[in-house]
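Written out below as structure tokens is the structure these notes cover.
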Amino acid sequence: MGEKDLSNFFKTYLEKEPIFINKQVLQLNYTPEAIPHREEQINYLAGVLAPVLRLDKPSNLFIYGKTGTGKTLSAKYVTNQLLKIAVEKDILLKIVYVNCKLKRVADTEYRLIAHIAGEFGKEIPPTGLPTDEVYKLFIEAINQNKENKKIIILVLDEIDQLVKRVGDQLLYNLTRLSSELKNIEISIIGISNDLLFMDNVDSRVRSSLCEEEALFPPYNAIQIQDILRQRSKICFKEGVLDDGVIEKCAAHAAREHGDARRALELLRVAGELAERKNKVKISMEDIDEAEEKIERDKVVDVVHTQPKQFQLTLLSILTLVEQNKKPLVTGDLYDVYKDYCLKVGLKPITQRRLSDIIAEFDMLGIIRAKVISKGRYGRTREIRLAIPPSTVENIKSVLKESLNL
DNA sequence: TGTCCACTGGAAGGGAGGGCTT
DNA sequence: AAGCCCTCCCTTCCAGTGGACA
């Protein structure tokens, strides 16, 4: 493409009727003005946090619910509103939100504390210090914080992931933090996707962290449609959506146990695809395509961020799934994996380690691995793909390229 | 009824990468 | 530089197990 062509391209792009008016509305971090079908939960959260306005420490709070049920959104919504009022009333309130699942940000106790300390302007190196040293630095940072906030609300999203990794000692340490702080109250809001997670936590810690609890049930298809309509009114030009598009997105998300986040993402990606194709409307096919693209991108992202051994494992899984219809098991996978190692010239990891990697892929939602017993023939994991088969070829070629195969 | 398979998953630890204090 | 202590990826060892089969 020459210079002239390109400038034409950009000009036509600008002249084109855009599908989106305000795409941000569909982005994950967007906080809408109203959150439909969550009034009850929001009122409850507001009630729990309100004592801040009287300079009292609010109770610790635990929020449960599956992904995409509005937990994070509601928590952010309520804390933002609270902060607004607090600022008006000159109340010294600081809200710290941390997603504990983010790799290399807060996926260990050390890094969680280091990250929170960062929020208070204290930089702590990503590795190297003893953990109690990190706590000490953190406490110092808060105590001599210039803003001198009186009340801190610590929102720990996906905290179940973190505690599963590092154990509940962490929670205990967090609950004890307040006693180390001068004139500063710290409240913790824990958010968990795992409804049963608190059952396996030390009872003393549990009672202190779960002074209040809120459950977020999944949305049903009708509710998701409401949510999609509400947002698409703001973000799309009128009449852009073909009939049934909203229903289709909602149905898809309802299949995924009422995950509104997925529905919104689906709609956004479908819009982007339609726009790129110079279409003026979003059709059913765009939704299908969007679904495929989302899955593919998710996996490709994993491919690029995970170590070689993960890539090799995934490639083995994809190869096996393609070859036979039957669900595959750990032993077969290990054999194929070792073959690939030979080809690539990498030292094979043990089956034990492979087992962990399989579990991680399961967590990432790329495969479904279920432990089953075949009686006489032992116990193993039954592994299935959790991504559309149509994306397999594409991902395989990405993998092979990355592995120089 | 017990056996026993093919693993699972916990525990401990190592060694390479790194940063702290002394 | 030494001596700690972190993380990350991995190994070794092993007890535990659901259920088809004898």
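In the text below, chain A, chain B and the rest are named by the order of the sequence lines, each starting its count at 1.
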Which of C:dG19, C:dC5, C:dC21 is nearest the side chain of A:Tyr377? It is C:dC21

With A:Tyr64, which residues qualify under ring-ring contact (aromatic ring centres under 6.0 Å, His included), at least two apart? A:Phe62

Note: A:Lys66-A:Asp194 ion pair, threshold 4.0 Å (strictly below): no

Without decimals, in angstroms, what is the distance between A:Leu112 CG and C:dC6 C1'? 15 Å

B:dG19, C:dC9, B:dC7: which one has an atom nearest the side-chain heavy atoms of A:Pro125? B:dG19

Rounded to whole Å, the CD-C1' distance (A:Glu109 to C:dC5) equals 14 Å

Pairs touching residues 381-393 of chain A that satisfy side-chain hydrogen bond (donor to acceptor under 3.5 Å, both in side chains), sequence neighbours left out: A:Glu292-A:Ser390, A:Ser355-A:Arg381, A:Glu382-A:Arg384

Picking from C:dC9, C:dA20, B:dA6, which would you name as closest to the side chain of A:Arg376? C:dA20

B:dG9 P sits how many Å from A:Ile372 CD1, rounded? 13 Å

Between P on B:dG19 and CD on A:Glu123, what's the gap in Å once rounded to a whole number? 15 Å

Quick one: A:Leu129 CG to B:dT21 P, roughly how many Å, whole number? 7 Å

Using only atom types and a distance under 3.5 Å, with no angle test, would you say the side chain of A:Asp160 pairs donor to acceptor with the backbone of A:Ser192? no

I want to check one thing: is the phosphate of B:dT8, taken as OP1 and OP2, less than 4.0 Å away from some side-chain N or O of A:Arg381? yes

Answer yes or no: side-chain N or O of A:Thr127 and base N or O of C:dC6 forming a donor-acceptor pair under 3.5 Å. yes

Rounded distance (Å) that lies between atom P of B:dC20 and atom OH of A:Tyr135: 20 Å

Of A:Pro130 and A:Thr108, whose closest DNA chain C nucleotide lies nearer the 5' terminus? A:Pro130

Scan residues 343-360 of chain A against DNA chain B and write down, sorted by residue number, each residue with any heavy atom closer than 4.0 Å; if none is found, say none. A:Gln351, A:Arg352, A:Ser355

Ion pair A:Asp132/A:Lys136, N-O distance below 4.0 Å: no

Heavy atoms only, 4.0 Å cut-off, all strands: where does A:Glu133 land among base, sugar-phosphate and nothing? nothing

Protein-nucleotide distance (A:Glu382, atom CD; C:dG18, atom P), rounded to Å: 17 Å

Applying the salt bridge (charged side-chain N to carboxylate O under 4.0 Å, His left out) test to A:Asp242, which of A:Lys248, A:Lys281, A:Lys279 qualifies? A:Lys281

Within 45° of the ring axis of A:Phe20 and under 6.0 Å from its six-membered ring centre, is that where the NZ or CZ of A:Lys237 lies? no

Taking 4.0 Å as the cut-off, does a side-chain nitrogen or oxygen of A:Thr330 come that near to OP1 or OP2 on B:dT8? yes

Tell me: OH of A:Tyr110 to C1' of C:dT7, nearest whole Å? 9 Å

Which residue lies more 5' along DNA chain C, comparing A:Arg379 with A:Lys374 via nearest heavy atoms: A:Arg379

Proximal nucleotide (of C:dC6, C:dG16, B:dG19) relative to the A:Thr131 side chain: C:dC6

Does A:Lys76 qualify as a cation-pi partner of A:Tyr97, given the criterion of NZ or CZ under 6.0 Å from the six-membered ring centre and within 45 degrees of its axis? yes

